[in-house]
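The block underneath contains the structure these notes are about, expressed in structure tokens.
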Amino acid sequence: MVIAAALEPAYRVGGDAFDYALDGPLVHLSIFDAMGHDTAAGVTAGLAMGAGRNARRRQAGLVRATEEIERALIEQFDGARYATGILACPDTRTGVLEWVNRGHHPPVLIRGGRWAAELACAPGDPMGTGLGVAPDACRARLEPGDRLVLYTDGITEARSAAGDEFGLTGLVDLLVRRHADRLPVPETLCRLMHGVADHQAGELRDDATVLFCEWLGASPDRQDLAAAAAGVPIPGDTRAAPSPAGGT
């Protein structure tokens with residue numbers, strides 16, 4: 001699996017955070033968007049990420065991990081602050097993806113550069129609200145070459161000077177076009193972040209965050225696929241890697 005992520009901060013603190021970690025064949029992905037645009041929003045997102053890491057290291061499942069994040073936020077803020085988020089865990093051996101949605105935008109799946117869908121899953125309440133809406137752990141099976149996208153509303157709600165939103169359509173269209181250009185995952189993410197910034201003429205009103213990964217398949221020996229998806233030379237290959245965009 002190839003993973004790339006970016007957080008483009010707004011001038012005011014927006015409270016976005018992302019995390020990823022490897023646990024043998026499992027990949028742990030998480031993204032958070034805390035309420036508010038102040039220092040407390042950054043503290044909320046940091047606490048959510050830290051509590052999630054702590055739960056993961058104690059082998060808690062995804063649902064349990066989100067419950068522990070909620071508990072930590074309520075203890076700290078007594079319900080005055082919350083964060084939406086997604087915790088996901090793809091298994092690189094099988095392509096089985098498990099995820100939990102806590103009041104966040106659904107993940108987007110890009111398949112074959114021709115098909116895109118939001119992965120539906122009944123969401124729980126945002127973490128820290130204490131509303132008692134229990135989340136579901138949902139599952140889907142990835143196919144080799146699938147690209148999974150987690151994002152915050154700083155991407156889709158980015159507005160131009162005329163008030164037009166970048167939108168989910170803008171996000172998916174850009175990702176599909178770059179996929180068709182056979183760009184590596186990091187370069188695709190770079191083009192996306194530039195597109196979002198350009199849409200707002202460089203004046204971000206909210207943090208914009210994307211966590212983007214591609215599952216290459218179950219074989220651990222396809223270094224050529226991994227190198228192409230990551231945009232780097234094959235280990236031990238002394239030939240220069242071509243520029244993804246055809247430049248120097």
Please step through salt bridge (Lys or Arg N to Asp or Glu O under 4.0 Å) for the pair Arg71 and Glu67, ending with a clear verdict.
CA-CA 6 Å; Arg71 186 178 304 112; Glu67 292 171 344; 5.5 Å; no
Can you confirm whether [X] sits close enough to [Y] that some side-chain heavy atom of one is under 4.5 Å from a side-chain heavy atom of the other?
X: Phe77; Y: Val43; answer: yes
X: Leu171; Y: Leu192; answer: yes
X: Phe212; Y: Leu150; answer: no
X: Val210; Y: Glu8; answer: no
X: Met1; Y: Glu214; answer: no
X: Leu119; Y: Pro107; answer: yes

Any pair counted as ring-ring contact (aromatic ring centres under 6.0 Å, His included), so long as it reaches residues 145-172, sequence neighbours left out
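Those involving residues 145-172 are His105-Tyr151, Phe166-His199.
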Worked check of side-chain hydrogen bond (donor to acceptor under 3.5 Å, both in side chains) between Asp16 and Thr152
CA-CA 8 Å; Asp16 283 8; Thr152 63; 2.7 Å; yes
May I ask you to decide if Leu26's main-chain N or O and Asp23's side chain share a donor-acceptor pair within less than 3.5 Å?
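No.
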Can a donor-acceptor pair be found, under 3.5 Å and without considering hydrogens, that links the side chain of Asp173 to the backbone of Gly170?
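Here the side-chain-to-backbone pair does not exist.
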Point-to-point distance, once rounded to the nearest 0.5 Å, from [atom1] of [X] to [atom2] of [Y]:
X: Arg159; Y: Gln200; atom1: CZ; atom2: CD; value: 10.0 Å
X: Met127; Y: His104; atom1: CE; atom2: NE2; value: 9.0 Å
X: Ile74; Y: Tyr82; atom1: CD1; atom2: OH; value: 13.5 Å
X: Leu87; Y: Ile31; atom1: CG; atom2: CD1; value: 11.0 Å
X: Leu189; Y: Leu211; atom1: CG; atom2: CG; value: 9.0 Å
X: Trp215; Y: Cys213; atom1: CH2; atom2: SG; value: 11.5 Å

Exercise: identify the closest heavy-atom pair between [X] and [Y]:
X: Arg147; Y: Pro184; result: NH2-C, 4.2 Å
X: Gly128; Y: Leu73; result: CA-CB, 3.9 Å
X: Ala65; Y: Ala60; result: N-CB, 4.3 Å
X: Gly130; Y: Glu70; result: N-OE1, 3.5 Å
X: Asn101; Y: Gly103; result: OD1-N, 3.2 Å
X: Ala229; Y: Pro186; result: O-CD, 3.6 Å

Is [X] linked to [Y] within one hydrophobic cluster, defined over Ile, Leu, Val, Met, Phe, Trp and Tyr using a side-chain heavy-atom separation of less than 4.5 Å?
X: Phe32; Y: Leu7; value: no
X: Leu47; Y: Ile69; value: yes
X: Met49; Y: Leu29; value: no

Checking Arg141 now: which residues fulfil side-chain hydrogen bond (donor to acceptor under 3.5 Å, both in side chains) with it, not counting sequence neighbours?
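Expected list: none.
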Apply side-chain hydrogen bond (donor to acceptor under 3.5 Å, both in side chains) to Arg53 and list each qualifying residue two or more places apart in sequence or on a separate chain.
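Expected list: Asp19.
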For Asp125 and Thr129, which I'm curious about, is there any donor-acceptor pair between the side chains at under 3.5 Å?
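Short answer, yes.
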Do Arg102 and Thr84 have side-chain N/O donor and acceptor atoms under 3.5 Å apart?
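Arg102 vs Thr84: no donor-acceptor pair found between side chains.
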Which residues pass the salt bridge (charged side-chain N to carboxylate O under 4.0 Å, His left out) test with Glu75, not counting sequence neighbours?
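Result, salt bridge (charged side-chain N to carboxylate O under 4.0 Å, His left out) vs Glu75: none returned.
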Applying side chain to side chain contact (heavy atoms under 4.5 Å, CB included), run through Asp91 and Val27 and close with a yes or a no.
CA-CA 6 Å; Asp91 188 327; Val27 179; over 6 Å; no
As a test of understanding, state which of Val172, Val149, Leu97, Leu142 forms a side chain to side chain contact (heavy atoms under 4.5 Å, CB included) with Leu109.
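Result: among Val172, Val149, Leu97, Leu142, Leu142 is the only option passing the side chain to side chain contact (heavy atoms under 4.5 Å, CB included) with Leu109.
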Just do the side chain to side chain contact (heavy atoms under 4.5 Å, CB included) check on Leu62 and Glu98 with the steps written out, would you?
CA-CA 8 Å; Leu62 296 183; Glu98 183 177 4; 3.8 Å; yes
More than 12 heavy atoms of other residues, nucleotides or ligands under 6.0 Å from CZ of Arg111: is that the case?
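Count over threshold, so yes.
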Taking Glu187 first and then Arg191, would you say they form a salt bridge - that is, a charged N and a carboxylate O separated by under 4.0 Å?
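A salt bridge links Glu187 with Arg191.
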Is Val96 isolated, or which residues cluster with it under the ILVMFWY side-chain rule of less than 4.5 Å, directly or via members?
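Same cluster as Val96: nobody, lone residue.
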Begin from the C-alpha positions of Glu118 and Leu168 and carry the test side chain to side chain contact (heavy atoms under 4.5 Å, CB included) through to its verdict.
CA-CA 10 Å; Glu118 292 184 279; Leu168 180 60; 3.5 Å; yes
Disulfide bond (SG atoms under 2.5 Å apart) with Cys121: which residues, sequence neighbours excluded?
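Partners of Cys121 by the disulfide bond (SG atoms under 2.5 Å apart) criterion, ordered by chain and then number, come out as Cys138.
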Is there a side chain to side chain contact (heavy atoms under 4.5 Å, CB included) between Val176 and Ile110? Walk through the geometry before answering.
CA-CA 7 Å; Val176 169; Ile110 307 295; 4.2 Å; yes
